[in-house]
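Residue indices begin at 1 and follow the sequence shown. Treat the numbers as computed from the prediction; the structure is a model and nothing was measured.
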Amino acid sequence: MISGYEILETVKMVKDEHFDVRTITMGISLLDCIRQDAKQTATAVYDKICKRAENIVKVGEDLSSEYGVPIVNKRVSVTPASLITANFPGQEKLIAKALDDAAKKVGIDFLGGYSALVHKGMTPWEESFIKSIPEVLATTDKLCSSVNVGSTRSGLNMDAVALCGKIIKEAAELTKDRGGFGCAKFVAFCNAVEDNPFMAGAFHGIGEGDCVINVGVSGPGVVSHALKSAPDANMTEIAEIVKKTAFKITRVGQLIATQAAKRLNASFGIVDLSLAPTPVVGDSVGHILEEMGLSNVGTHGTTACLALLNDAVKKGGTMASSHVGGLSGAFIPVSEDVGMIDAAAGGFLTLSKLEAMTAVCSVGIDMVAVPGDTSWETIAALIADEAAIGMVNNKTTAVRVIPVPGKTVGDSVSFGGLLGEAPIMATSKGDASRFIHRGGRIPAPIHGNKN
């Protein structure tokens, strides 16, 4: 039961500290939609999503009104679409259109799962699917895409890494009239999880049930406010404050998730504990790190502060929910976090520092804008570095990078809304093309063999 005191605390968090439930995401299995041809399959995909998710927006609005908690996004994730299109190479766009049309019909914000899992190898039909991603992202409105290029158990598929570098460049060019926006809807993963409710990387794993509700909560402002009330606390005390705050935030997520699942006739999946920022002042993960004692995000000590934050959020949140999953960490997307934007624009935050921060959070190179003339090989090498951190540390890492056509260091690009504004960040002046062109597979680390 939620006590009266907890209700009052929640009202205060919403009113004064930018607290919200960032997303209710319905995961839907499409494996039973596969038919004899692409057109019939597309029709079955459209029909199932429209039937299963027809009430998700209304339920989200009703729960928000009843409990007084903003629910910012209502989303759907589906079975990795490369599995649905396997028998129809070259006709992937029929399925993509069905997915986008269904998303528009039910009124959700985004649909994730135009995805492929190629961490150990890549079939011809998966290669065809991945090559379709740039055009699909350029011609759809709601669809998001991801590719898993590695895992701790299998190593890194460097052929897939190279292909991702190419499609990111192509997606940027096809959406150059929108600042390369297509790339903001694509993520390259290592150790991708099956129950992530956040975009652009959400997909419904094949180990999941037919219809599942996953909820992502967000409370950077709540954590920052709590730390402001203890300006002289030592780091042990700060960890305790973050844990207690994460517990309160997650309790609300647990309530919303169970109620949403019940009303939508779906299974309750997980609550994702990730702190997801917005460009709004007072809702920044970067500002939490600065509240711990840093003059700017990116200065020495940033990685240590982020490690404490990530760990304390997980410890506190895990006690508040029966099912915790997804990514469950601190997101540090540059364009979506006003503290990160300011640090990058001021030169305090670099790609190298973001890479170091990846070692202690889920997604380190996230919504990062780079010069439009950055080569696909450099982008692929950046993905390889991030994936290697995930592979060796047995954790999820990801890259969402936008080479903005016509822009260079010193410029910025605006995507609006939750996606915010990104300063163009410098990449290394070196050349990794020979490394990327080698292809093959980087073997799994020795500790990946756990049998």
Query raised in the report: Which atom names give the shortest non-hydrogen contact between Val187 and Ala398, and what distance separates them?
Result: CG1-CB, 3.5 Å

Report summary line: Heavy-atom nearest pair, Leu83 first then Ile34, reads O-CD1, 4.0 Å

Query raised in the report: Once you round to the nearest 0.5 Å, how far does CG of Leu111 lie from CD1 of Ile49?
Result: 5.0 Å

Query raised in the report: Does any non-hydrogen side-chain atom of Thr250 lie less than 4.5 Å from one of Leu273?
Result: yes

Query raised in the report: Any side-chain heavy atom of Ile24 within less than 4.5 Å of one from Ile256?
Result: yes

Requested in this report: Search all heavy atoms of Ala387 against all heavy atoms of Leu156 and return the closest pair with its distance.
Outcome: CB-CD2, 3.6 Å

**Report entry** Under-4.0 Å salt bridge between Asp366 and Arg400
**Finding:** yes

Query raised in the report: Can you check whether Arg35's main-chain N or O pairs, donor with acceptor, with Thr41's side chain at less than 3.5 Å?
Result: yes

Report task. May I ask you to check whether over 12 heavy atoms, not counting those of Glu135, lie within 6.0 Å of atom CD? Result -> no

Requested in this report: Return yes when atom NZ of Lys262 has more than 12 non-hydrogen atoms of other residues, nucleotides or ligands closer than 6.0 Å, and no otherwise.
Outcome: no

Query raised in the report: With no hydrogens and no angle check, is any side-chain donor or acceptor of Asp411 less than 3.5 Å from a backbone partner on Ile424?
Result: no

**Report entry** Test item: Asn214 side-chain N/O and Pro197 main-chain N/O as donor-acceptor pair under 3.5 Å
**Finding:** no

Report task. Of all the heavy-atom pairs spanning Gly339 and Ser284, show the shortest one and how long it is. Result -> N-OG, 3.3 Å

Query raised in the report: In terms of the angle between their ring planes, are Phe181 and Phe415 parallel, tilted or perpendicular, with boundaries placed at 30° and 60°?
Result: tilted

Report summary line: Here the gap from Leu327 atom CG to Phe198 atom CZ, rounded to the nearest 0.5 Å, amounts to 8.0 Å

Query raised in the report: Is it true that atom CG of Asp32 has more than 12 heavy atoms of other residues, nucleotides or ligands lying nearer than 6.0 Å?
Result: yes

Query raised in the report: Counting distance only, does the side-chain N/O of His204 pair as donor-acceptor with the main-chain N or O of Gly112 below 3.5 Å?
Result: no

Report task. Would you please say whether a donor-acceptor pair under 3.5 Å links the side chains of Thr85 and Glu92? Result -> no

**Report entry** Candidate list Thr152, Asn148, Thr396, test side-chain hydrogen bond (donor to acceptor under 3.5 Å, both in side chains), partner Asn191, passing option
**Finding:** Thr152

Query raised in the report: Between Thr23 (side chain) and Lys74 (backbone), is there a donor-acceptor pair under 3.5 Å?
Result: no

Report task. To the nearest 0.5 Å, tell me how far Ser274 OG sits from Ile332 CD1. Result -> 12.0 Å

Requested in this report: Give the intermediate values and the outcome of side chain to side chain contact (heavy atoms under 4.5 Å, CB included) for residues Ile379 and Thr374.
Outcome: CA-CA 7 Å; Ile379 293 171; Thr374 303; 4.0 Å; yes

Requested in this report: Taking Lys185 for its side chain and Thr140 for its backbone only, find out whether a donor-acceptor pair lies under 3.5 Å.
Outcome: yes

Query raised in the report: Between the side chain of Lys395 and the main-chain N/O of Thr358, is any donor-acceptor distance below 3.5 Å?
Result: yes

Query raised in the report: Does Asp62 pair with Arg263 as a salt bridge, N-O distance under 4.0 Å?
Result: no

Query - For the student: nearest non-hydrogen atoms of Val334 and Met367, plus distance - result: CB-O, 3.6 Å

Query - From Ile133 atom CD1 to Lys93 atom NZ, the distance as rounded to the nearest 0.5 Å - result: 12.0 Å

Query raised in the report: Does Ser29 offer a backbone N or O that forms a donor-acceptor pair with the side chain of Lys48 under 3.5 Å?
Result: yes

Report task. Under the side chain to side chain contact (heavy atoms under 4.5 Å, CB included) rule, what do Val297 and Asp342 come out as? Steps first, then yes or no, please. Result -> CA-CA 9 Å; Val297 178; Asp342 291 343; over 6 Å; no

**Report entry** Pairwise side-chain contact, Phe331 with Glu336, heavy-atom cut-off 4.5 Å (strictly under)
**Finding:** no

Report task. Determine, using ring centers only, whether Phe129 and Tyr114 are less than 6.0 Å apart. Result -> yes

**Report entry** Minimum heavy-atom distance between Leu275 and Val285, given as atom pair plus value
**Finding:** O-CG2, 3.8 Å

Query raised in the report: Is a salt bridge present between Lys176 and Glu173, judged by a nitrogen-to-oxygen distance below 4.0 Å?
Result: yes

**Report entry** Reported CE-to-SG distance for the pair Met158 and Cys164, which is rounded to 0.5 angstrom
**Finding:** 10.5 Å

Requested in this report: Check whether more than 12 heavy atoms from other residues, nucleotides or ligands sit under 6.0 Å from atom CD of Glu66, and answer yes or no.
Outcome: yes

Query - Residue pair Thr303 / Lys353, side-chain donor-acceptor N/O under 3.5 Å - result: yes

**Report entry** Step-by-step side chain to side chain contact (heavy atoms under 4.5 Å, CB included) determination, Asp109 to Met199
**Finding:** CA-CA 10 Å; Asp109 298 284; Met199 300 298 169; over 6 Å; no

**Report entry** Note: Arg52-Asp210 ion pair, threshold 4.0 Å (strictly below)
**Finding:** yes

Query raised in the report: Is a side-chain donor or acceptor of Arg441 paired with a backbone partner of Gly121 at a separation under 3.5 angstrom?
Result: no

Query raised in the report: When rounded to the nearest 0.5 angstrom, what is the spacing between CG in Leu31 and CD1 in Ile84?
Result: 5.0 Å

Query raised in the report: Under 3.5 Å, is there a donor-acceptor pair between the side chain of Asn393 and the main chain of Ile389?
Result: yes

**Report entry** Worked verdict on Leu99 versus Leu30 for side chain to side chain contact (heavy atoms under 4.5 Å, CB included)
**Finding:** CA-CA 11 Å; Leu99 292 169; Leu30 299 181; 4.0 Å; yes

Query raised in the report: Under the side chain to side chain donor-acceptor pair (under 3.5 Å) criterion, do Thr397 and Glu386 qualify, and how do the steps go?
Result: CA-CA 6 Å; Thr397 54; Glu386 289 289 291; 5.6 Å; no

